[in-house]
Protein chains: 2
Amino acid sequence: MSQTVDRALSILPLLAQGPADLGQVAERLGVHKSTALRLLRTLHEHGLVYRQQDQRYRLGARLFALAQEAVENLDVREIAHPHLVELNESCGHTVHLAVYEEQEVLYIDKVESRYPVRMYSRIGKPVAITVAAVAKLLLADLSEPERRAVAEKLDYPMYTSRSTPNAGAFLKELTVVREQGWATDLGGHEESINCIGAPIRGADGRVVAAMSVSAPNVVVTAEELLTLLPLVRRTADSISREYSGTTRPEKA
Amino acid sequence: MSQTVDRALSILPLLAQGPADLGQVAERLGVHKSTALRLLRTLHEHGLVYRQQDQRYRLGARLFALAQEAVENLDVREIAHPHLVELNESCGHTVHLAVYEEQEVLYIDKVESRYPVRMYSRIGKPVAITVAAVAKLLLADLSEPERRAVAEKLDYPMYTSRSTPNAGAFLKELTVVREQGWATDLGGHEESINCIGAPIRGADGRVVAAMSVSAPNVVVTAEELLTLLPLVRRTADSISREYSGTTRPEKA
DNA sequence: GTCGTTGTTGCATCATATGCAACACCCATT
DNA sequence: AATGGGTGTTGCATATGATGCAACAACGAC
């Protein structure tokens with residue numbers, strides 16, 4: 001809508017791929033060097049880009065600070081955190097909290113496993129949307145046409161032999177999840193890692209976030225992990241209740 | 001330099017403090033509602049802001065993705081990571097990697113302690129600049145006038161009784177660190193936590209990053225932690241060597 | 001020394017961002 | 001139901017402010 005801002009913002013993903021100098025930026029934006037310079041300067045003033053010694057531009061520190069502040073101010077996260085810690089203390093495994101936003105699912109909190117084996121995941125990192133338990137929970141709550149639309153648009157990478165293979169299978173899985181009110185990921189992302197998850201609902205019953213417990217085969221089998229299901233669901237429900245309490249139900 | 005972009009970007013820190021509706025944004029920017037709307041729309045198209053159900057705007061998911069990509073593309077981080085993991089495996093404590101950028105020091109990597117006690121810190125989070133071992137290392141490498149300028153501008157919060165109290169003490173500490181080539185933080189940030197750190201240098205000898213090992217009193221005393229110093233320095237030197245190798249020394 | 005490359009500045013032009021005013025919409029109130 | 005305040009949205013005329021140009025500066029390479 002605003003050409004100038006649009007151009008300026010287009011610089012960010014461009015720099016996310018690696019540093020670039022003025023000429024490269026100008027060329028890839030399709031504008032004159034002087035224009036690119038002014039845009040970069042403005043971004044620089046706001047700390048979103050940084051100029052390294054060799055004059056090339058990089059994404060800047062403020063970006064991290066912003067992302068950090070944003071995640072810390074999410075009210076679901078605030079409320080859920082102590083519950084997640086408590087759950088981690090009683091079972092010892094890695095606990096994740098995630099939300100859905102514009103076609104993406106992302107982790108907004110994480111409590112690390114107390115076992116030496118740790119998973120690779122990071123707050124802010126987009127989740128493997130077609131296989132993760134939390135992703136299934138969040139997508140399962142969308143309306144039927146929305147689910148279908150999203151499912152069609154996704155890629156279905158076969159991380160393992162048990163990954164969700166295609167849109168059809170995914171939609172079927174979502175229906176199951178929707179009905180049973182919980183979800184699993186049994187080796188669908190990494191062969192040796194299983195997860196079970198449960199939804200967190202707002203006052204209106206809509207799913208606002210999802211949580212999961214993950215553990216590698218070497219620590220507990222999938223069956224043993226499933227015995228934690230009641231505990232996980234209770235935790236999720238506690239969070240839901242507290243969250244519904246603090247949010248004024250804008251109309252049921 | 002570019003008014004439009006400047007205004008648009010000013011919206012981000014504003015939203016970082018919490019969600020806001022159109023009117024609030026317009027007011028705090030000092031522009032007409034319709035102007036604010038168009039700016040927000042542009043930010044929205046780029047995924048930097050998100051519109052929640054109640055119509056209010058929040059910071060968006062793309063912000064996380066960008067911060068994530070940015071940190072993953074830092075070449076120092078790439079090179080250092082395996083060394084940090086190795087160090088963690090041999091000593092068991094939390095290992096941090098940090099860089100300095102525009103008056104700020106921030107963590108760009110972290111390997112969690114294998115002990116049950118964990119520290120609060122997070123990648124992307126600005127470091128307590130006046131006390132952290134990594135901060136001292138990074139600032140100690142600046143030129144004398146720069147050090148002085150930065151030191152004057154900082155606040156010196158007394159996290160504990162052993163925090164750096166003022167600019168004078170800080171500058172003195174930086175001189176020490178500069179000469180000895182390593183740094184400590186003995187309970188200066190949190191009473192019970194000690195750190196030791198060493199600098200990572202580029203081909204030209206300038207400090208490009210700093211790493212540290214942190215451990216709480218309850219696990220090892222400060223003296224015991226200091227016995228790790230040679231190991232930490234060796235690790236930092238290995239990283240420096242590897243980093244210098246891959247970066248073409250742009251002129252020694 | 002000169003050439004090539006890259007970043008920077010001042011300026012004239014007009015594209016484009018702006019504020020206005022009118023409209024659409026949703027709730028709350030009576 | 002009807003009215004009124006609040007909020008978000010659109011079209012449009014105006015002039016602000018972003019743009020590309022061309023000339024300059026800084027730096028290295030040859």
Side-chain angles (χ1 to χ4, degrees), chain A residues 1-12 14-15 17-60 101-102 202-204 206 247-252, chain B residues 1-12 14-15 17-60 101-102 202-204 206 247-252:
Chain A
M1 291 262 102
S2 164
Q3 187 181 76
T4 317
V5 177
D6 187 51
R7 284 174 173 167
L9 297 182
S10 303
I11 294 177
L12 299 177
L14 194 153
L15 291 184
Q17 300 174 169
D21 64 26
L22 180 60
Q24 295 168 331
V25 172
E27 189 190 9
R28 301 195 53 182
L29 277 188
V31 299
H32 196 269
K33 278 189 307 176
S34 58
T35 304
L37 178 68
R38 281 181 289 249
L39 296 176
L40 282 165
R41 277 225 258 259
T42 311
L43 290 168
H44 180 85
E45 276 175 18
H46 287 259
L48 297 183
V49 309
Y50 171 62
R51 194 154 202 193
Q52 29 184 42
Q53 294 81 343
D54 63 354
Q55 300 246 87
R56 292 190 305 165
Y57 293 91
R58 285 209 134 285
L59 292 183
E101 179 182 321
E102 324 239 338
D204 54 2
R206 296 291 309 268
T247 345
R248 282 156 288 311
E250 349 241 333
K251 150 108 168 262
Chain B
M1 291 264 102
S2 164
Q3 186 182 74
T4 317
V5 177
D6 187 51
R7 285 173 173 170
L9 297 182
S10 303
I11 294 177
L12 299 177
L14 194 153
L15 290 184
Q17 302 175 165
D21 64 25
L22 180 59
Q24 295 169 330
V25 172
E27 190 191 6
R28 299 194 55 181
L29 277 188
V31 299
H32 197 269
K33 278 189 307 175
S34 58
T35 304
L37 178 67
R38 281 181 290 249
L39 296 176
L40 282 165
R41 276 225 258 259
T42 311
L43 289 168
H44 180 83
E45 275 175 20
H46 287 259
L48 297 183
V49 308
Y50 169 62
R51 194 153 202 192
Q52 29 185 42
Q53 293 81 345
D54 61 355
Q55 300 245 88
R56 292 191 304 166
Y57 292 92
R58 283 208 136 287
L59 292 182
E101 180 182 320
E102 322 240 340
D204 54 2
R206 295 292 309 268
T247 346
R248 282 154 291 308
E250 350 241 332
K251 151 110 170 258

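All chains are named by letter (A, B, ...) in the order of the sequence lines, taking the proteins before the strands, and each is independently numbered beginning at 1.
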Rounding to the nearest 10°, end axes of the helix from C:dG1-D:dC30 to C:dT30-D:dA1 built from five pairs each make an angle of 30°
Between A:Arg51 and C:dT6, does any side-chain N or O lie under 4.0 Å from OP1 or OP2? no
Residues passing the side chain to side chain contact (heavy atoms under 4.5 Å, CB included) test with B:Gln24, sequence neighbours excluded, are B:Ala20, B:Asp21
Whole-Å distance, B:Arg41 CZ to C:dT18 C1', equals 15 Å
Whole-Å distance, A:Gln24 CD to C:dT5 P, equals 14 Å
In this structure, CG of B:Leu40 is separated from CD1 of B:Ile11 (nearest 0.5 Å) by 4.0 Å
Taken to the nearest 0.5 Å, the spacing of A:Tyr57 OH from A:Leu48 CG works out to 13.5 Å
Residues in residues 26-40 of chain B with a heavy atom under 4.0 Å of DNA chain D, by number, are B:Lys33, B:Ser34, B:Leu37
Output for pair (A:Leu39 CG, B:Met1 CE), nearest 0.5 Å, gives 12.0 Å
B:Arg41 meets the salt bridge (Lys or Arg N to Asp or Glu O under 4.0 Å) criterion, sequence neighbours left out, with none
Value for CG (B:Leu12) from NE2 (A:His46), rounded to nearest 0.5 Å, stands at 9.0 Å
Sorted by chain and number, sequence neighbours left out, salt bridge (Lys or Arg N to Asp or Glu O under 4.0 Å) with B:Arg56 holds for B:Asp54
When rounded to whole Å, the CD1 to C1' distance for the pair B:Ile11 and C:dA17 reads 14 Å
In whole angstroms, the gap separating P of D:dC27 from CG of A:Asp54 amounts to 15 Å
Taken to the nearest 0.5 Å, the spacing of A:Gln17 CD from A:Leu59 CG works out to 10.0 Å
Numerically ordered, the residues 1-9 of chain A set in heavy-atom contact under 4.0 Å with DNA chain D is A:Thr4, A:Arg7
Contact class for B:Arg56 vs. all strands (heavy atom < 4.0 Å): base, sugar-phosphate, or nothing?
-> nothing
A:Glu45 atom CD: more than 12 heavy-atom contacts under 6.0 Å: yes
| task | Please tell me if the side chains of B:Leu9 and A:Val5 come closer than 4.5 Å, counting only heavy atoms from C-beta onward. | result | no
In this structure, OG of B:Ser10 is separated from CG of B:Leu15 (nearest 0.5 Å) by 11.0 Å
